[in-house]
Number of protein chains: 2
Amino acid sequence: MMMDARKFRILQAIIDDYILTAIPVGSRTISKKYEMGLSSATIRNEMSDLEELGYLDQPHVSAGRIPSAKAYRLYVDQLLERGVIPTGESESIHSYFEDRSRQMEDVINHAAKVLSGLTHYTSLVLSPKGQELRIRNLQLVPVSSTHALVVIVTDGGIMRDMVVEVGEGLDADALYAISRTLTERLSGMTLSEAQQALAGGSGDMHHHHRRLADNVAHFMGQAGSTSKAKLALGGPSNILNFPEYSDVEKAKGFLSVLETKDKLVDLLESQGEMAFTVRIGPETGIPELSDCSLVTATYRLGDNNHGTIGVIGPTRMHYGQVLSILNAMGQQLSILLGQYKE
Amino acid sequence: MMMDARKFRILQAIIDDYILTAIPVGSRTISKKYEMGLSSATIRNEMSDLEELGYLDQPHVSAGRIPSAKAYRLYVDQLLERGVIPTGESESIHSYFEDRSRQMEDVINHAAKVLSGLTHYTSLVLSPKGQELRIRNLQLVPVSSTHALVVIVTDGGIMRDMVVEVGEGLDADALYAISRTLTERLSGMTLSEAQQALAGGSGDMHHHHRRLADNVAHFMGQAGSTSKAKLALGGPSNILNFPEYSDVEKAKGFLSVLETKDKLVDLLESQGEMAFTVRIGPETGIPELSDCSLVTATYRLGDNNHGTIGVIGPTRMHYGQVLSILNAMGQQLSILLGQYKE
DNA sequence: GTTAGCACTCATCGCAGTCGAGTGCTAACA
DNA sequence: TGTTAGCACTCGACTGCGATGAGTGCTAAC
């Protein structure tokens with residue numbers, strides 16, 4: 001048995017209806033509501049076939065059918081093939097960023113809020129990871145007589161800071177001098193390159209201030225590591241709006257995953273450079289999210305940097321709308337965060 | 001009718017039992033489990049009195065009694081009067097901070113995690129507000145040809161940073177010179193004093209770089225305002241462990257409040273300088289939290305700064321234990337964050 | 001003042017019965 | 001050969017009801 005055009009149309013109708021209502025869809029519903037020109041009996045036969053093909057599940061014998069993960073996969077693939085509808089969203093999203101803050105973190109947080117507000121799902125916004133960023137400026141700011149704050153400005157405009165121990169007896173001017181030297185030496189390198197350069201330890205300065213150099217190198221290792229990418233969550237409790245999660249146990253599982261952000265970051269990072277990724281149910285690889293879908297998109301920042309935005313919701317998600325909003329939001333973020341670029 | 005010692009003992013037993021089990025407490029339970037040397041009938045009479053006095057509520061006529069907010073209030077007040085039990089918690093909490101990060105934000109986040117882990121409630125950790133901090137150092141780090149990052153180090157060791165617009169044609173050295181001048185002028189002032197000093201606008205520099213000065217002043221206003229205090233949440237989903245919140249609607253209300261952090265910050269800040277505050281049910285002033293209690297404590301940072309830590313849970317909270325843990329955690333935070341002090 | 005006894009209340013649980021949405025199958029029809 | 005009407009069947013959801021039992025309030029005796 002094969003999937004033909006009619007089967008596909010019926011499947012589509014079932015998915016649409018289930019996305020809307022979250023109620024198992026019966027043959028009569030499809031026949032009447034979606035004007036197929038077919039009787040419920042025919043639909044029934046087709047549905048039986050679709051079930052055999054693995055596109056539909058039946059919670060119990062006297063209930064309607066619900067789409068399987070495989071069905072959503074097909075649905076989404078079609079959607080992506082046909083291209084996403086980039087509606088007027090873009091403009092409306094733009095308006096949410098009127099008071100454009102320049103702080104990476106603020107932008108990330110705000111974006112997450114806007115995203116969850118627009119989609120009514122839980123949203124995730126991951127800042128670009130530092131790995132690929134190139135250093136533009138490095139400066140040490142004295143904090144105490146023994147510690148200094150490292151500030152690094154990169155071509156993405158992202159700054160990370162950390163307190164490092166410096167040797168005794170370095171006043172503000174000395175630190176500034178060192179900062180200038182370091183900036184000169186390291187400018188244009190990525191964080192990991194710079195880390196190596198420092199660890200390699202040629203140059204005058206390094207002999208005098210080995211400790212300082214080591215600490216700064218260590219910091220770069222940390223800042224450059226993916227784990228340091230900032231993750232903002234939007235509307236975690238949105239999930240509770242969906243009947244799928246009216247069970248407290250399930251909701252707790254979901255929220256717990258959100259709390260341990262590490263897994264999420266890994267998941268988001270694994271997207272790589274793809275414009276869009278849709279993970280349906282078990283495809284997320286996280287048991288607690290096995291009846292959720294995760295839709296992610298990347299936004300570009302500079303030539304070799306990207307961050308990730310995403311939305312988590314029940315598998316019966318408004319994929320089309322979500323993709324469209326993510327698309328618009330990605331563009332907006334690229335613009336907002338790209339404004340440091342010279 | 002008055003509250004006498006025996007009534008109080010009975011009330012205490014009821015509260016203890018209800019905190020443990022979340023099940024309405026009957027007269028027989030008290031008479032047997034708590035060895036009052038009184039029959040259930042006597043307890044019943046006393047309970048009836050306690051209800052009349054407003055310390056007990058009855059969900060329905062054939063159920064046991066549950067403590068009212070007024071009862072918890074009495075309970076807590078007694079607890080506070082007698083002094084909190086500062087057990088060995090302090091040591092165990094210390095051990096959670098082995099890898100002492102120096103980043104304010106990391107410490108705050110970690111503290112929230114530890115706090116929610118220890119108490120099994122939802123925890124809140126609010127960083128000290130910048131208002132009272134005194135500037136020790138101010139530095140401008142070039143970000144682009146037109147923007148610079150302001151970094152301020154204060155005597156609390158707290159740094160806030162923000163990108164401000166500077167005039168054209170200022171290179172790194174020029175910015176450093178300005179930074180030195182500003183540090184000299186502003187060092188020792190609080191943020192708001194510094195803001196005024198800058199706005200006042202005497203001094204050579206200000207005429208040349210009015211724009212820059214204005215922007216820095218504006219930043220100080222922001223950084224110093226209470227709204228900028230960082231709030232970390234720990235274990236938001238912990239609330240779902242309690243049967244009180246097995247209703248999804250209630251849980252959603254609770255979690256929504258957590259998402260809009262502003263209200264929480266206000267609530268935490270309103271504690272003022274008190275060592276401990278306990279808000280029971282309606283006392284929180286937030287409808288969604290009307291059957292929660294919020295226990296907060298302050299931790300000191302320097303002479304005139306303090307942050308707030310707190311725990312939110314159901315009204316039937318383990319007040320004694322929570323107070324003890326908050327106490328220990330407060331001390332630990334004071335130590336950790338105070339380590340920049342010269 | 002305390003307690004035993006008793007009638008009363010009321011939430012909870014289990015159970016049988018009903019209802020109805022939805023199915024699968026068969027037979028007739030185009 | 002594909003479509004449809006009809007019908008028996010399934011099974012979850014809901015309803016009503018009696019039994020159960022925890023817990024109370026009241027009264028009378030100690």
Side-chain angles (χ1 to χ4, degrees), chain A residues 1-11 13-15 17-18 20-68 71 243-244 246-247, chain B residues 1-11 13-15 17-18 20-68 71 243-244 246-247:
Chain A
M1 184 190 356
M2 272 291 294
M3 187 78 170
D4 57 23
R6 194 174 74 177
K7 280 192 177 47
F8 186 75
R9 252 183 35 242
I10 292 174
L11 181 58
I14 293 172
I15 295 177
D17 200 77
Y18 189 69
L20 222 63
T21 64
I23 300 169
V25 191
S27 55
R28 227 178 103 82
T29 311
I30 298 302
S31 154
K32 288 183 70 176
K33 208 158 125 191
Y34 290 86
E35 302 183 1
M36 292 273 156
L38 295 170
S39 78
S40 66
T42 311
I43 306 284
R44 222 148 42 227
N45 289 330
E46 295 288 40
M47 279 167 94
S48 181
D49 291 352
L50 283 168
E51 185 172 353
E52 201 175 321
L53 287 167
Y55 290 108
L56 292 180
D57 289 330
Q58 205 170 7
H60 54 265
V61 64
S62 75
R65 307 295 214 289
I66 62 176
S68 69
E244 284 87 332
S246 57
D247 175 30
Chain B
M1 186 193 349
M2 272 291 293
M3 187 78 169
D4 58 23
R6 194 175 72 178
K7 278 192 177 52
F8 185 75
R9 253 187 26 248
I10 293 174
L11 182 58
I14 294 172
I15 295 176
D17 201 78
Y18 189 68
L20 223 61
T21 64
I23 301 169
V25 190
S27 54
R28 227 177 103 81
T29 311
I30 298 301
S31 153
K32 289 184 71 177
K33 205 157 127 191
Y34 291 85
E35 301 182 2
M36 292 273 157
L38 293 171
S39 78
S40 65
T42 311
I43 306 284
R44 224 149 40 228
N45 289 330
E46 295 288 40
M47 281 167 94
S48 180
D49 289 353
L50 283 168
E51 184 172 355
E52 201 175 323
L53 286 166
Y55 291 107
L56 293 179
D57 290 329
Q58 207 170 5
H60 55 265
V61 65
S62 75
R65 307 295 216 288
I66 61 177
S68 68
E244 285 87 333
S246 56
D247 175 31

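Quantities reported herein were computed from a predicted structural model and do not represent experimental measurements. Lettering of chains follows the sequences in order, A, B, ..., and the numbering in each one begins at 1.
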Between [atom2] of [N] and [atom1] of [X], the distance in whole Å:
| X | N | atom1 | atom2 | value |
| --- | --- | --- | --- | --- |
| A:Asp17 | C:dG22 | CG | P | 10 Å |
| A:Met47 | C:dG24 | CE | C1' | 13 Å |
| A:Ile43 | C:dG24 | CD1 | P | 13 Å |
| B:Ile10 | D:dT24 | CD1 | C1' | 15 Å |
| B:Ile30 | D:dA22 | CD1 | P | 16 Å |
| A:Lys32 | D:dA5 | NZ | P | 13 Å |
| B:Gln58 | D:dG23 | CD | P | 11 Å |
| B:His60 | C:dC10 | NE2 | C1' | 6 Å |

When you measure from the side chain of [X], which nucleotide among [options] comes out closest?
| X | options | answer |
| --- | --- | --- |
| B:Arg44 | D:dG25, C:dG24, D:dG12 | D:dG25 |
| B:Asn45 | C:dT3, C:dG5, D:dT4 | C:dT3 |
| A:Val61 | D:dC11, C:dG24, D:dT4 | D:dC11 |

Taking 4.0 angstrom as the limit, do B:Lys7 and B:Asp49 come out as a salt bridge?
-> yes

For A:Ser40, answer base if it contacts any base atom (sugar-phosphate contacts may also be present), sugar-phosphate if it contacts only those atoms, and nothing otherwise; contact means non-hydrogen atoms under 4.0 Å.
->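 A:Ser40: no heavy atom of the nucleic acid under 4.0 Å.
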
How about A:Asp17 and A:Thr29: do any of their side-chain heavy atoms sit closer than 4.5 Å?
-> yes

Inter-residue atom distance B:Glu46.CD - B:Ser27.OG, 0.5 Å rounding |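 B:Glu46 CD to B:Ser27 OG: 12.0 Å, rounded to 0.5 Å.
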
Test side chain to side chain contact (heavy atoms under 4.5 Å, CB included), reference B:Ile66, set B:Leu56, B:Val25, B:Asp57, B:Ile14, output is B:Asp57

Which residue, A:Ala41 or B:Ser62, contacts DNA chain C at a nucleotide closer to its 5' end, judged by nearest heavy atom?
-> B:Ser62

Mate of D:dA29 across any strand shown (Watson-Crick or G-U wobble, both atom pairs under 3.5 Å) is C:dT2

Would you mind pulling out the nucleotide paired to C:dT23, Watson-Crick or G-U wobble, both distances under 3.5 Å?
-> D:dA8

So, for B:Ala71 and B:Ile15, which heavy atoms are closest and what is the spacing to 0.1 Å?
->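 Minimum heavy-atom separation between B:Ala71 and B:Ile15: O-CD1, 3.8 Å.
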
Below 4.0 Å: OP1/OP2 of [N] and any side-chain N or O of [X]:
| X | N | result |
| --- | --- | --- |
| A:Thr42 | D:dG2 | no |
| A:Ser39 | D:dT3 | no |
| A:Arg65 | C:dG24 | yes |

